[in-house]
**Q** 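Pasting a structure here, questions to come.
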2 protein chains.
Amino acid sequence: MERKRSDQKTRAPSGAAVQSVELTEALYRALFAEWAEHGFSALSLERVAARAGAGKAAIYRRWPGKLQFADEAINTIALRMAAFEDKGSLEADVRAFHRRLRSVFRHPLVRRILPDIYAEVARSEAMEAISERVAQTRRDEAAKVIERAIARGELPGALDREIALDFLPCSIYWRMMVTRRSLPDAQLDLYAQGTTAAIKALASAP
Amino acid sequence: MERKRSDQKTRAPSGAAVQSVELTEALYRALFAEWAEHGFSALSLERVAARAGAGKAAIYRRWPGKLQFADEAINTIALRMAAFEDKGSLEADVRAFHRRLRSVFRHPLVRRILPDIYAEVARSEAMEAISERVAQTRRDEAAKVIERAIARGELPGALDREIALDFLPCSIYWRMMVTRRSLPDAQLDLYAQGTTAAIKALASAP
DNA sequence: TATGGATGGAACGGATCCGTCTCGACCACA
DNA sequence: TGTGGTCGAGACGGATCCGTTCCATCCATA
């Protein structure tokens, strides 16, 4: 956006000319917009270039193909689901986690691109790496919630963490992304309540 | 498959010629196979016809376009998630429901096509009707589970049914379809346990 | 058995996309 | 002020797809 830094492309010899950061970012934005409109499998780099006001060469000069382009694009937005502080109880932490999730799932591009990533992974496995990276930050944050509750004594150390991590986001994902219904503040408590009970129930009587 | 019945297309005048039921079914099968491979948005009717060993005219004579074709195709497979009998308790019913869900989510075509439907709905709304019909049978069956529990006295009549219906399938969908992990028998109990606790918790102290 | 009519398969023109390549213009460095 | 590399733009040959049209075949009726 600001000053153009010397890029990695400029190296030994002498001459100049640097890949424009503005153009690269415009290409990323155009990619996401087209991705949201048409889905990855029907994504046309020709349209992406046109939308960014560039030629196709600008794309092929930077990335070898659609997948690597998408991969780096996802990387740049960094997916920071910033950590939140300890809320004092499992249920309060769950509610905070759900609120974070909701703010992510409300983003219009996320609403279209995220389901498309999952659909694409199901049929091609080439998107696996991207999907994995997207899941990672969320999973890390979720794990913290569980570990804090164990440290607090709210959950036993013998808890099946794998399944607990499934219960943490699933209800919000289902409601907002699969059934596509909005999630008003008034109902956040109920989801946190149910989710907390589910996780606690995993620990009791096998 | 068997004898060819006089079709609805043969009517008043005199002449004959009937649409072949075999070909129609072959077209459906080819559609699903291509859908699973490429996704709906990148679906080519040309490939579908070729895969069915037919010409494109065979498709365009039957359906006006891709969407209506897909719509009737989904209709024919009927989506019967046959009702199961009362298992005696909410948790047992939940487990039975999860088992049914698992058998559906294990089908290789379902694993690829269902996420694609959700991705498509997110960006075009034209698939809404199809998605809605797919959801309907599952929702009906889930509602029965909840109502039976209320009749049994396990859940209060004042329960928030909307959210209870979210909790019923969400953990299984998340595990099998989003994170794409298998679900062995040994873990079915834990999911049923957690899900049941979540639903019961919706009723208590607001 | 003769015949009318819809059938299925193939070919059509127009459109889009891919990935490459070639321009003149431009800009940052030496 | 040179000079080398990137810039946007566009053309390319080949491939694929759309939706329609053509034509020989086959079938149910008369």
Side-chain angles (χ1 to χ4, degrees), chain A residues 1-31 33-35 37-70 72 124 126, chain B residues 2-31 33-35 37-70 124 126:
Chain A
M1 219 49 158
E2 64 284 34
R3 54 157 195 175
K4 43 195 75 163
R5 14 159 240 140
S6 238
D7 225 347
Q8 68 283 9
K9 279 279 167 92
T10 319
R11 287 205 188 288
S14 61
V18 171
Q19 283 190 338
S20 150
V21 180
E22 288 90 345
L23 178 57
T24 302
E25 287 174 355
L27 288 171
Y28 284 146
R29 280 193 299 272
L31 171 73
E34 286 290 322
W35 193 343
E37 269 185 38
H38 304 282
F40 185 80
S41 65
L43 188 60
S44 148
L45 294 186
E46 193 136 10
R47 277 197 305 261
V48 173
R51 185 167 205 144
K56 279 192 291 182
I59 293 180
Y60 284 102
R61 220 174 272 129
R62 287 170 169 79
W63 304 280
K66 190 162 75 164
L67 194 74
Q68 296 83 350
F69 183 10
E72 292 200 14
S124 86
Chain B
E2 63 285 35
R3 58 168 192 163
K4 44 194 73 163
R5 11 160 244 141
S6 237
D7 225 349
Q8 68 283 9
K9 279 277 167 92
T10 319
R11 287 204 188 288
S14 62
V18 172
Q19 282 190 340
S20 148
V21 179
E22 289 89 345
L23 179 56
T24 302
E25 287 174 354
L27 287 171
Y28 283 145
R29 281 193 299 272
L31 171 72
E34 287 290 323
W35 192 342
E37 269 185 37
H38 303 282
F40 186 80
S41 65
L43 187 59
S44 148
L45 294 186
E46 193 135 8
R47 277 197 304 261
V48 173
R51 184 168 205 142
K56 279 191 292 182
I59 293 179
Y60 284 102
R61 214 174 275 127
R62 286 172 170 77
W63 306 280
K66 190 161 73 164
L67 193 74
Q68 297 84 348
F69 184 10
S124 87

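Protein chains get the first letters and strands the later ones, always in sequence-line order, with residue 1 at the start of each.
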**Q** Calculate the interatomic distance between A:R62 atom CZ and D:dG8 atom C1'; express it in whole Å.
**A** 11 Å
**Q** Return the 5'-most residue of the pair B:K66, A:L23 with respect to DNA chain D, ranking by each residue's nearest nucleotide.
**A** A:L23
**Q** Between B:Y28 and B:F69, what is the ring plane arrangement, given parallel below 30°, perpendicular above 60°, and tilted in between?
**A** tilted
**Q** NA contact type, B:G65, heavy-atom cut-off 4.0 Å: base, sugar-phosphate, or nothing?
**A**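 If one applies the 4.0 Å heavy-atom cut-off, B:G65 turns out to touch nothing in the nucleic acid.
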**Q** Test of understanding: with salt bridge (charged side-chain N to carboxylate O under 4.0 Å, His left out), list the residues that count as partners of A:K66, not counting sequence neighbours.
**A** none
**Q** With the threshold set at 4.0 Å, does a side-chain nitrogen-carboxylate oxygen contact exist between A:R51 and A:E46?
**A** no
**Q** Can you check whether A:R61 has a side-chain N or O nearer than 4.0 Å to OP1 or OP2 of D:dC7?
**A**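 The answer is yes; a side-chain N or O of A:R61 sits under 4.0 Å from OP1 or OP2.
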**Q** Between D:dC7 atom C1' and A:E25 atom CD, what is the distance in whole Å?
**A**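 Distance check: A:E25 CD to D:dC7 C1' gives 17 Å.
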**Q** What's the angle between the local helix axes at either end of the helix from C:dT1-D:dA30 to C:dA30-D:dT1, using five pairs per end and rounding to 10 degrees?
**A**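 That helix gives 10° between its end axes.
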**Q** How many whole angstroms separate atom CG of A:L67 from atom P of C:dC18?
**A** 14 Å
**Q** Given atom CZ of A:F69 and atom P of C:dC18, what is their separation to the nearest angstrom?
**A** 12 Å
**Q** With rounding to the nearest 0.5 angstrom, report the CG to CG distance, A:L31 to A:L27.
**A** 8.5 Å
**Q** Have a look at B:A57 and say if it touches a base, only the backbone sugar-phosphate, or nothing, with a 4.0 Å heavy-atom cut-off.
**A** base
**Q** Whole-Å distance between D:dT20 P and B:I59 CD1?
**A** 13 Å
**Q** A:Y60 has an atom OH; how far is it from atom C1' of D:dA9, in whole Å?
**A**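 Value for this atom pair: 16 Å.
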**Q** Pull out every protein N or O sitting under 3.5 Å from an N or O of nucleotides 13-17 of chain C, one pair per line with the distance.
**A**
from, atom 1, to, atom 2, distance (Å)
C:dC17, OP1, A:R47, NH1, 2.3
C:dC17, O5', A:S44, OG, 3.4

**Q** If you measure from CD on B:E37 to OG on A:S41, what distance do you get to the nearest 0.5 Å?
**A**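 Reported value, rounded in 0.5 Å steps: 12.0 Å.
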**Q** Describe the nucleic acid contact of A:A58 in one word from base, sugar-phosphate, nothing, applying a heavy-atom distance below 4.0 Å.
**A**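 Here A:A58 touches the backbone only, sparing every base.
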**Q** To the nearest angstrom, how far is A:L27 atom CG from D:dC7 atom C1'?
**A**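 To the nearest whole Å, that distance equals 12 Å.
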